[in-house]
Amino acid sequence: MKHPKHHFFSMTPETLTDWCLERGLPKFRAKQIFEWVYLKGVIDPMEMSNLSNLDRKMLQSDMAFLSGPTVAHQLATDGTQKLLIEWSDGGVDAKEAGVDHESRLPILGQEMPYSDTTRQTECVMIPAVDSDRRTACISSQVGCPVGCTFCATGIGGLDGNLSAGRIVEQVWRLNQLEGVGRISNVVFMGMGEPLANFRPVVEAVKIIAAPWGMGISARKITISTVGMHKAIEKLAEELDLPVTLALSLHAPNDALRRELIPWAEFTSILDLKHACKKWFAKTGREITLEYVLIGGVNDQSEHAIELVHVCKDLRANVNLIRYNEVAGLDFRRPNTEDVHRFQYLLREGGVNCHIRASRGRDIAAACGQLRHEHAGT
Ligand code: SAH
Ligand code: SF4
């Protein structure tokens, strides 16, 4: 079997320099290749005009750049664009599923074969209405092991993890969309639970933030997690970059949270608050609490009042998100007056809170919805 090509988007200056030296290319080629790809957006070695012919050919035969076709590309009326990428030649690595009951961490590194049929993930480019901000919303896994009852991604379970390179590649591909301008922000709010694919996500964030890589400041990168407190603490220890952490809370008490988020069984809101405080102590960054308002489920006055108590001793901003309905799921979008009352009650209680504008509604931009529609899963 032919040895698989190296994937460019997982490379660092150290690994690319080694790759060059092993193949007899001069050491300075690594810097030139990074500039072609990340600064000039060129991935065809034949266009890399300051490389020798031989080196271009070596790059062409031994390095993979894009690792799969775009099988759907949608453009919403508000300028939001969504890509469905098929990771066709393997590279969706070790499958991790479940939670280790003792350490209360997602189980790491269990090798399992991935499914042949569902290796598609989504990524979305969201342009700001009032500024140059261009946000890339990217996936970390193929499917998701958590299985939140309201989420389209959760329906099919987990099919595999994305490698660091494939996570970075999504940002690069969105950055190349015509007439869009440079991606300025990255959010891990596509498919998958980033902290259940811990190591590749950490590596990818480093490449996205690196000046020789995508060059996007860590402060403009948001990792959204359903929240395993030990994994949050581990991230604070190991990432060592001031990224923004968004915690998907969605309920003001453990009982309701556990109905919506199966993995909430392994943690409590109190544990999560401790982890958030440690995160703040280590990074100096306030946490964003995500709260998807689902009609009649978690959007009533009593929930808002309880949420005020949860937030009281936390340095957090609350993001209220209106639920996007998912075909086949029995949850509905909240009423407008309930959303406004919810926000009013939080603000009255001294909680900093915003209602997030829904973008790309006409292309079902909530995570997992395009794959869901495309595959009929
Ligand atoms: N697994 C991570 C990141 C991906 S989901 C997490 O759950 O945080 C990103 C965000 O989208 C989460 O806050 C999630 O609750 C929210 N979300 C999922 N499905 C949604 C839907 N149908 N409508 C609105 N928000 C949704
Ligand atoms: Fe997974 Fe996040 Fe969807 Fe829950 S909301 S199933 S954690 S992607």
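In each ligand, atom 1 is the first atom listed, and ligand 1 is the first ligand listed. Values reported hereafter were calculated over all heavy atoms of this structure, with side chains retained and with hydrogens, waters and symmetry mates removed. Just so we're clear, the structure is a prediction, and the values are computed from it rather than from any experiment.
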For ligand 1, which atoms sit closer than 4.0 Å to a heavy atom of [X]?
X	answer
Val226	6 (C), 8 (O)
Phe188	3 (C)
Val326	22 (N)
Glu193	1 (N), 2 (C)
Gly190	4 (C), 5 (S)

Report, in ascending order of atom number, the atoms of ligand 2 lying under 4.0 Å from any heavy atom of [X].
X	value
Gly147	6 (S)
Cys151	3 (Fe), 5 (S), 6 (S)
Gly154	6 (S)
Cys148	4 (Fe), 5 (S), 6 (S), 7 (S)

Do [X] and [Y] have side-chain atoms, one donor and one acceptor, less than 3.5 Å apart?
X	Y	answer
His250	Glu290	no
Asn197	Gln141	no
Arg257	Ser268	no

Test your reading of the structure: does [X] have an N or O sitting under 3.5 Å from an N or O of ligand 1?
X	answer
Gly192	yes
Tyr323	no
Arg322	no

Ignoring hydrogens and geometry, is there a side-chain-to-backbone donor-acceptor pair from [X] to [Y] under 3.5 Å?
X	Y	answer
Thr153	Cys144	no
Glu193	Val226	yes
Trp172	Gly41	no
Asn335	Glu337	no

Between [X] and ligand 1, find which residue part has any heavy-atom pair under 4.0 Å and reply side chain, backbone, both or neither.
X	result
Ser248	side chain
Thr225	backbone
Val292	side chain

*asked:* Counting only heavy atoms, tell me which of His250, Gln141, Glu325, Glu290 gets closest to atom 15 (O) of ligand 1.
replied: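 Heavy atom nearest to atom 15 (O) of ligand 1 belongs to His250.
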
*Could you give all pairs that pass the side-chain hydrogen bond (donor to acceptor under 3.5 Å, both in side chains) test and reach residues 211-220, with sequence neighbours left out?*
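For residues 211-220, and leaving out neighbouring residues, there are no side-chain hydrogen bond (donor to acceptor under 3.5 Å, both in side chains) pairs at all.
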
*Closer than 2.8 Å to atom 4 (Fe) of ligand 2, do we get an N, O or S atom from Cys144, backbone or side chain?*
no

*Can Ala246 be said to touch ligand 1, with heavy atoms closer than 4.0 Å?*
no

*asked:* Please determine whether a side-chain nitrogen of the Lys or Arg among Asp313 and Lys273 lies less than 4.0 Å from a carboxylate oxygen of the Asp or Glu.
replied: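 Counted as a salt bridge, because a side-chain N and a carboxylate O are separated by less than 4.0 Å.
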
*So how far is it from Leu247 CG to Ile232 CD1, rounded to the nearest 0.5 Å?*
5.0 Å

Below 3.5 Å, can you tabulate the donor-acceptor pairs from side chains in residues 125-133 to any protein atom, sequence neighbours excluded?
residue : atom : partner : partner atom : Å
Ser131  : OG   : Arg133  : N            : 3.1

